[in-house]
Colleague: 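Take this structure, written in structure tokens, and hold onto it; I'll ask about it next.
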2 protein chains.
Amino acid sequence: MSMSSEPPARRRPTHRKGRATLTRESIGRAALDFLGRRGPAELTMRSLATDLGVSPRAIYNYVEDRRDLITVAAEIFEADWQPPQLVPTPDRWRTDLRAYCADLRAHYRRHPGMTSLALRENITLARHPTMLRNVDALIGFYATVGLPLPDAYRACMETIRLVVGFVEFQDSLHDHPPAHLDPAEHSQPLPSWLQPDGPGGDLPHLTRLQEDTRQPDSPDTLFAFSVQILIDGIGARVAGGEF
Amino acid sequence: MSMSSEPPARRRPTHRKGRATLTRESIGRAALDFLGRRGPAELTMRSLATDLGVSPRAIYNYVEDRRDLITVAAEIFEADWQPPQLVPTPDRWRTDLRAYCADLRAHYRRHPGMTSLALRENITLARHPTMLRNVDALIGFYATVGLPLPDAYRACMETIRLVVGFVEFQDSLHDHPPAHLDPAEHSQPLPSWLQPDGPGGDLPHLTRLQEDTRQPDSPDTLFAFSVQILIDGIGARVAGGEF
DNA sequence: ACCTGAACACCGTTCAAGT
DNA sequence: ACCTGAACACCGTTCAAGT
């Protein structure tokens with residue numbers, strides 16, 4: 001709204017000592033990048049400050065504390081996601097929902113530990129306009145498919161929880177295996193913590209799985225199964241009243 | 001196997017300075033109790049040592065490090081659960097599965113943060129005989145209901161993930177609300193991070209939910225919905241070939 | 001054999017002082 | 001206005017020494 005006749009307002013300098021001036025947003029984005037590169041365990045106020053080329057104290061000029069820093073990072077993380085389009089037509093909604101879940105999964109995988117960090121710091125998901133629009137669209141999708149609005153809301157929450165839970169509990173182990181697991185475990189039909197000891201254990205189904213399985217389920221296979229269960233579960237609920 | 005004629009083997013003293021001698025198990029159980037009482041943020045080697053009445057160094061005589069401590073606690077946690085019986089008959093499997101999930105949920109809620117701690121320390125679930133038996137039984141249940149064995153395994157994993165995810169992402173917020181959320185939020189139809197700002201936001205479904213909902217879903221309602229989706233999803237997969 | 005006390009390197013956070 | 005350097009209270013972990 002400023003007229004050209006006014007003297008330009010004094011502006012915050014954009015640089016200082018060769019690097020861009022810090023902002024709350026730039027710090028949050030740096031934290032998010034850090035997470036993607038080095039993981040949640042290494043993200044400390046001091047290491048982030050080193051990355052940014054400032055003293056640790058400088059960060060506190062823009063965020064309250066570590067909790068606040070992670071909140072900003074979570075906000076940016078959520079606003080960064082652009083979901084694929086959802087077309088709730090009778091012949092396409094299942095396919096579209098599958099693609100939607102796959103895309104959400106990929107987004108979370110890009111920033112490992114974001115969720116477990118937020119969990120640990122008791123951070124409620126950040127309230128960003130983009131995130132609100134995305135949630136609203138997913139609820140609308142389920143409503144159009146045939147769920148009553150309260151159920152559409154519950155289905156939306158369950159969908160997000162399924163994807164986030166899968167990434168945190170399954171993908172994260174696969175993408176960043178802990179150091180104490182030797183790589184040979186990966187070719188086993190069952191994960192190491194489920195392998196039956198021997199024939200004496202009286203674990204008939206695990207034993208049969210261990211013997212009969214040629215190669216272990218890939219994470220993608222497991223994810224496809226879980227999403228199919230979700231889709232069929234939703235499908236059962238709209239059966240009859242669908243459209 | 002020792003005969004009565006042999007001199008009794010020298011035994012480890014059971015007490016020292018008035019308190020019971022430490023063992024790997026007693027330390028793990030103390031850590032688990034601590035989690036239930038004071039939560040994961042306060043569980044440190046030093047605070048646990050104070051609780052036990054020893055110096056921090058003493059703990060290191062029984063566990064390798066903090067990671068190992070949490071592993072022992074996780075083992076005990078898993079071995080502590082006695083699941084309800086699963087009877088895979090045509091008329092009862094849905095009811096039994098519902099009860100099974102409810103019981104597993106209750107078990108995890110008793111020790112808040114156990115999962116997120118294990119996640120953070122990259123701990124694969126502990127390999128305890130009791131846990132293996134429980135997993136084997138659940139796979140057997142799904143197999144009897146009508147799933148091929150590989151699908152029964154996938155369904156077992158999905159079931160556990162659903163329950164654990166629900167406890168970590170939903171119940172934990174409800175049972176231990178973060179300090180910055182005022183209690184008034186609890187009576188709102190939507191959680192604070194989903195409330196639309198005003199009429200201008202163009203969030204039609206969230207706005208309608210906010211206006212039409214009398215009282216918010218209880219965690220139990222949300223959980224029942226998620227489990228029903230799971231059951232229907234499994235049901236769709238065994239339809240026709242059921243028993 | 002099992003423990004204590006002191007110490008080290010690290011962390012989040014704050015204070016007083018610089019420019 | 002924005003930053004640095006030093007400091008404080010905490011943490012996991014280790015060392016040397018006690019009983």
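Numbers restart at 1 for each chain; the letters A, B, ... are given by sequence-line order, proteins then strands.
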Colleague: Quick one: does any side-chain atom of A/D103 pair with a main-chain N or O of A/P83 as donor and acceptor, under 3.5 Å?
Modeller: no

Colleague: In terms of side-chain heavy atoms, does B/S192 have a donor or acceptor partner in A/R127 at a distance below 3.5 Å?
Modeller: no

Colleague: Among B/F77, B/W81, B/F169, which one satisfies ring pair (Phe, Tyr, Trp, His ring centres under 6.0 Å) with B/Y108?
Modeller: B/F77

Colleague: Can you list, by residue number, the residues of residues 39-59 of chain A that have a non-hydrogen atom closer than 4.0 angstrom to DNA chain C?
Modeller: A/T44, A/M45, A/R46, A/R57

Colleague: Taking the side chain as every heavy atom from C-beta outward, state whether B/F223 and B/V163 have any pair of such atoms under 4.5 Å apart.
Modeller: yes

Colleague: A/Y60 has an atom OH; how far is it from atom C1' of D/dC3, in whole Å?
Modeller: 15 Å

Colleague: State which of D/dT13, C/dC2, C/dT13 makes the closest approach to the side chain of B/Y62.
Modeller: C/dC2

Colleague: Could you tell me how far apart B/N61 (CG) and D/dG12 (C1') are, to the nearest whole angstrom?
Modeller: 15 Å

Colleague: What is the distance, to the nearest angstrom, from the CD1 atom on A/I27 to the P atom on D/dC2?
Modeller: 12 Å

Colleague: Whom does C/dT19 pair with, Watson-Crick or G-U wobble, provided both distances fall under 3.5 Å?
Modeller: D/dA1

Colleague: Do B/S26 and B/Y62 have side-chain atoms, one donor and one acceptor, less than 3.5 Å apart?
Modeller: no

Colleague: Please report the distance, rounded to the nearest Å, between CG in B/L69 and C1' in D/dC11.
Modeller: 14 Å

Colleague: Rounded to the nearest angstrom, tell me the gap between atom CG in A/L117 and atom P in C/dG12.
Modeller: 11 Å

Colleague: Tell me the partner of C/dT13, counting only Watson-Crick (N1-N3 plus N6-O4 or O6-N4) or G-U wobble (N1-O2 and O6-N3) with both under 3.5 Å; none if nothing fits.
Modeller: D/dA7

Colleague: Could you tell me if A/S47 and A/E42 have a donor-acceptor pair between their side chains, going purely by distance under 3.5 Å?
Modeller: no

Colleague: Which whole-number value in Å describes the distance from A/R66 CZ to D/dC10 P?
Modeller: 18 Å

